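Worth saying up front: this structure is predicted, and the values here are computed from it rather than measured. For reference, positions follow the sequence shown, starting with 1.
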Amino acid sequence: KNKKHIRSWSFMNSIVTEIANIIKSEDNYIKRERKIICFFLNLIKEIMALALAKVDDEMITKVKAQQVLS
């Protein structure tokens, strides 16, 4: 449990750091907002890809186990 918490904190901390860097890097609020939106869209894509890969791996393991039993 602690290792998972540490990993998620580290992940969240890196996201917060990246957002802070974007905020500090742009004086123009429209450009800043666009950069933040792009950051979140890319983050969502990466998270969805990881989640789908995990589901695929679990399904493959399940199908292989069923094939062994039959």
Side-chain angles (χ1 to χ4, degrees):
K1 226 176 184 183
N2 285 339
K3 286 183 182 179
K4 186 177 181 182
H5 178 72
I6 290 169
R7 273 186 268 139
S8 21
W9 181 85
S10 177
F11 180 66
M12 289 298 292
N13 192 39
S14 65
I15 292 171
V16 170
T17 300
E18 186 64 32
I19 294 168
N21 289 338
I22 292 169
I23 291 169
K24 290 188 277 185
S25 74
E26 272 303 333
D27 291 333
N28 183 306
Y29 72 92
I30 294 173
K31 288 181 181 179
R32 179 179 22 205
E33 188 173 316
R34 284 184 185 156
K35 283 186 177 184
I36 291 172
I37 289 169
C38 287
F39 171 79
F40 277 111
L41 290 174
N42 287 327
L43 181 63
I44 290 167
K45 283 192 268 184
E46 289 179 36
I47 291 170
M48 283 301 299
L50 290 171
L52 291 171
K54 181 176 180 173
V55 169
D56 284 348
D57 290 344
E58 290 171 359
M59 288 174 64
I60 290 169
T61 302
K62 185 177 180 180
V63 167
K64 285 181 180 179
Q66 288 174 349
Q67 289 173 347
V68 168
L69 294 174
S70 31

(message) Would you compute the distance between atom NZ of K45 and atom CZ of F40 and round it to the nearest 0.5 angstrom?
(response) 14.5 Å
(request) To the nearest 0.5 Å, tell me how far I44 CD1 sits from M48 CE. (result) 9.5 Å
(request) Find the distance between CD (E33) and CD1 (I36) and round it off to the nearest 0.5 Å. (result) 7.5 Å
(request) Please round to the nearest 0.5 Å and tell me the distance separating atom CZ of R32 and atom CD1 of I37. (result) 12.5 Å
(message) Contact between K54 and L50 at the side-chain level, heavy atoms closer than 4.5 Å - yes or no?
(response) no
(message) Could you measure the distance from the CG atom of N42 to the CD1 atom of I47? Nearest 0.5 Å is fine.
(response) 11.0 Å
(message) Working to the nearest 0.5 angstrom, can you tell me the gap between S10 OG and I15 CD1?
(response) 10.0 Å
(request) Scan for salt bridge (Lys or Arg N to Asp or Glu O under 4.0 Å) pairs involving residues 8-31, sequence neighbours excluded, and state none if there are none. (result) E26-K35
(message) Looking at W9, is its backbone amide N or carbonyl O close enough to the side chain of N13 to form a donor-acceptor pair, meaning the two atoms are under 3.5 Å apart?
(response) no
